[in-house]
There are 2 protein chains.
Amino acid sequence: MKHYTKHPKHFVAVDCVILGYDEGELCLLLYPRGFEPSKGAWSLMGGFVQDGESSDNAAKRVLKQTIGLEDIFMQQVAAFANPDRDPEARVISLAYYALVRMDEHDKACVRENGAHWWPISELPEMIFDHGKMVEQALVKLQQEAGYRLIGKELLADKFTLLQLRKLYEAIFQREFDPGNFRKKILSLDVLERLNEKDLSESKKGAFYYTCKNEVTERGLDRIVKV
Amino acid sequence: MKHYTKHPKHFVAVDCVILGYDEGELCLLLYPRGFEPSKGAWSLMGGFVQDGESSDNAAKRVLKQTIGLEDIFMQQVAAFANPDRDPEARVISLAYYALVRMDEHDKACVRENGAHWWPISELPEMIFDHGKMVEQALVKLQQEAGYRLIGKELLADKFTLLQLRKLYEAIFQREFDPGNFRKKILSLDVLERLNEKDLSESKKGAFYYTCKNEVTERGLDRIVKV
DNA sequence: TCAAAAGTGTTTACTATACACCCATGT
DNA sequence: ACATGGGTGTATAGTAAACACTTTTGA
């Protein structure tokens with residue numbers, strides 16, 4: 001310890017960019033900050049890293065507390081460590097993003113915090129550097145979705161190719177040709193077709209698919225060209 | 001301050017993956033740790049984030065101290081925050097990678113620390129999780145080099161296309177077809193040909209090129225297919 | 001019968017890759 | 001003369017993108 005003690009210690013927080021998907025649009029969960037500074041302003045869900053707790057676990061804990069879900073897809077975005085990013089005290093924050101199914105989360109839990117789902121296209125002003133965190137999280141999500149099929153993280157267990165395509169269109173903010181998208185996705189051989197159709201979107205009915213529950217295949221092929 | 005004080009504070013460090021290029025191979029600068037724990041074991045250059053100092057600046061400071069260079073290309077890799085990653089005390093570390101020209105750095109400065117350049121293909125065991133930091137830094141470097149021309153960061157101000165190709169071969173650990181590589185790079189229109197030839201590598205002599213000093217163009221085109 | 005999505009097939013354009021080939025020149 | 005890297009051109013293959021067309025069925 002003797003070699004470390006001359007150095008200062010800092011508060012270390014995690015801030016979670018919690019993303020869901022609903023009605024063709026990505027949504028972000030924000031809540032009105034409950035204490036000063038910036039009390040009442042829109043903020044990411046966050047919490048402080050405790051002793052003996054990894055930042056990954058701190059992020060999981062925050063997620064559990066705010067939406068009541070565990071075993072969620074989650075990834076580190078970056079560290080934000082400007083000394084004056086929080087006007088009240090120096091807090092170094094590690095940003096994470098999480099993908100949750102909006103229908104599965106604990107709504108009571110969310111309501112309790114006064115939290116609100118915002119469509120990604122019309123986000124409000126956020127406190128501190130939370131806006132930047134969201135920006136960088138969305139870039140990371142695109143990178144992830146470009147190399148690995150993001151499906152079961154944001155959709156239901158079974159989904160149609162239309163639903164998957166709309167999700168990708170929301171993530172990449174552009175349209176994909178229905179035929180080409182179908183061929184590309186199916187060529188990856190990571191989906192399994194069920195003997196069940198969704199009749200809500202078309203008269204003909206579209207087959208449901210599920211993700212093959214093999215190892216979450218990585219780097220199999222590019223999905224979206226950059 | 002009243003809302004924060006109930007939370008613990010932590011040591012926050014930066015660890016720098018300092019990469020250079022020499023004789024067709026990427027090299028990593030390591031030094032024998034000067035204090036316990038793990039005194040004498042090979043370690044990345046690191047330092048603690050001070051009060052009022054951003055982590056970016058802490059990383060710059062470490063770089064200045066260890067190789068005597070400023071204004072170096074540098075990027076955050078990730079936060080490493082397992083509570084027991086450092087057996088002596090809890091230290092949350094932010095990993096950065098830096099690209100330096102090996103001929104330009106202050107050799108006295110480096111020697112003073114007992115530091116040593118290791119070719120990337122034969123790295124020694126490192127302390128703690130430094131090996132993982134290096135791994136992730138190399139992935140980040142590949143991503144960066146795949147979208148943006150990495151040249152002046154690791155080579156001299158002027159370089160031949162052979163030198164640039166060898167650099168890319170070192171970064172991606174695979175060979176590139178000389179003709180195709182040349183065409184691809186020149187099509188990016190980010191290099192300027194000088195009226196000067198390097199005669200050391202071939203009888204015919206190869207033109208030197210420099211990076212056009214426009215805005216460091218981003219996302220112009222993929223350089224390396226993934 | 002029409003609209004709307006499902007699903008399949010075809011055509012075109014582009015680009016990565018492989019590789020042939022001439023050039024210049026020191027040894 | 002020949003070996004070596006410099007530099008250019010071309011042929012092939014694979015893939016992204018555009019789009020035509022057929023299927024199904026409720027309204």
Side-chain angles (χ1 to χ4, degrees), chain A residues 23-24 142 145-147 149 151 155 158-210 219-226, chain B residues 23-24 142 145-147 149 151 155 158-210 219-226:
Chain A
E23 308 257 338
Q142 285 193 358
Y147 283 100
L149 189 71
L155 300 172
K158 57 184 183 187
F159 46 82
T160 65
L161 285 168
L162 173 63
Q163 290 166 344
L164 187 64
R165 177 163 58 85
K166 291 292 178 192
L167 170 60
Y168 265 76
E169 292 181 346
I171 291 175
F172 287 94
Q173 299 282 325
R174 67 185 179 91
E175 297 199 335
F176 293 95
D177 178 274
N180 295 336
F181 184 82
R182 157 186 300 275
K183 272 176 293 183
K184 180 73 189 177
I185 297 296
L186 293 180
S187 75
L188 300 173
D189 193 35
V190 293
L191 292 186
E192 189 180 334
R193 199 179 79 175
L194 302 181
N195 273 325
E196 195 186 348
K197 282 193 165 187
D198 169 43
L199 297 166
S200 66
E201 297 280 349
S202 78
K203 332 294 178 182
K204 185 177 175 182
F207 280 109
Y208 279 118
Y209 289 81
T210 49
L220 6 87
D221 208 355
R222 298 200 54 74
I223 297 176
V224 176
K225 189 191 155 198
V226 261
Chain B
E23 308 258 338
Q142 285 193 359
Y147 283 100
L149 190 70
L155 300 172
K158 58 185 182 186
F159 46 83
T160 65
L161 285 168
L162 173 64
Q163 290 166 344
L164 186 64
R165 178 162 58 83
K166 291 292 178 191
L167 170 60
Y168 265 75
E169 292 181 343
I171 291 176
F172 287 93
Q173 298 283 319
R174 67 185 179 91
E175 298 199 335
F176 293 96
D177 178 275
N180 295 337
F181 184 82
R182 155 186 302 275
K183 273 178 292 183
K184 180 73 189 177
I185 296 298
L186 292 180
S187 75
L188 300 173
D189 194 35
V190 293
L191 292 186
E192 190 180 333
R193 199 180 79 175
L194 302 181
N195 275 324
E196 194 186 349
K197 282 193 166 189
D198 169 42
L199 297 166
S200 65
E201 297 279 350
S202 77
K203 333 293 176 182
K204 186 177 176 182
F207 280 109
Y208 280 118
Y209 289 81
T210 50
L220 7 86
D221 208 355
R222 297 200 56 71
I223 297 176
V224 176
K225 189 189 156 201
V226 261

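Since the structure is predicted, the reported quantities are computational estimates derived from the model, not experimental observations. Here is how names work: the chains are called A, B, and so on, in the same order as the sequence lines, proteins then strands, and each is numbered from 1.
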When every non-hydrogen atom of B:G24 is compared with those of B:A170, the smallest separation belongs to O-CB, 3.7 Å
Fit a plane to each ring of B:F172 and B:Y168, take the angle between them on a 0 to 90° scale, and name the class: parallel (under 30°), tilted (30 to 60°) or perpendicular (over 60°). parallel
Non-hydrogen atoms of B:G151 and B:L164 that approach each other most closely: CA-CD1, 4.1 Å
Using nucleotides 12-14 of chain D, report all nitrogen or oxygen pairs with the protein that are shorter than 3.5 Å.
none

Pick base, sugar-phosphate or nothing for A:L161, based on heavy-atom distances below 4.0 Å to the nucleic acid. nothing
If the condition is side-chain contact (heavy atoms from CB on, under 4.5 Å), which residues does B:T160 pass it with, not counting sequence neighbours? B:L162, B:Q163, B:D198, B:A206, B:Y208
Please report, rounded to the nearest Å, how far the C1' atom of D:dA17 is from the CZ atom of A:R174. 10 Å
Atom CD1 of B:I185 and atom CG of B:L149: how far apart are they, to the nearest 0.5 Å? 5.0 Å
List in numerical order all residues of residues 198-208 of chain A for which some heavy atom is under 4.0 Å away from an atom belonging to DNA chain D. A:K203, A:K204
When the axes are fitted on five pairs at both termini, how much does the helix from C:dT1-D:dA27 to C:dT27-D:dA1 curve, in 10° steps? 20°
Distance check, rounded to the nearest 0.5 Å: B:F207 atom CZ versus B:R193 atom CZ? 4.0 Å
What are the two closest non-hydrogen atoms of B:L161 and B:R182, and how far apart are they? CD1-NH1, 3.4 Å
To the nearest angstrom, the CG-C1' distance between B:L164 and D:dG7 comes to 16 Å
Separation of atom CD1 in B:I185 from atom P in C:dT15, rounded to whole Å: 15 Å
How many whole angstroms separate atom CZ of B:F181 from atom P of D:dG7? 13 Å
Could you list, one pair per line, each protein nitrogen or oxygen that sits under 3.5 Å from a nitrogen or oxygen of nucleotides 8-10 of chain D, together with the distance?
residue : atom : partner : partner atom : Å
D:dG9   : O6   : B:K183  : NZ           : 3.2
D:dT10  : O4   : B:K183  : NZ           : 2.9

So CG of B:D177 and NZ of B:K184: to nearest 0.5 Å the spacing works out to 13.5 Å
Can you tell me how far the NZ atom of A:K158 sits from the CG atom of A:L191, to the nearest 0.5 Å? 15.0 Å
Suppose we screen for side-chain contact (heavy atoms from CB on, under 4.5 Å). Which residues come up paired with A:E175, at least two apart in sequence or across chains? A:E169
What is the distance, rounded to the nearest whole Å, between atom CG of A:L188 and atom C1' of D:dT15? 13 Å
Whole angstroms only, please: what is the CZ-P distance between A:F159 and C:dA6? 14 Å
Between D:dA16 (P) and A:Y168 (OH): distance, integer Å: 14 Å
Roughly how far, to the nearest 0.5 Å, is OH of A:Y209 from CG of A:L155? 14.5 Å
Write down the distance between CZ (B:F172) and C1' (C:dT17), rounded to a whole number of angstrom. 17 Å
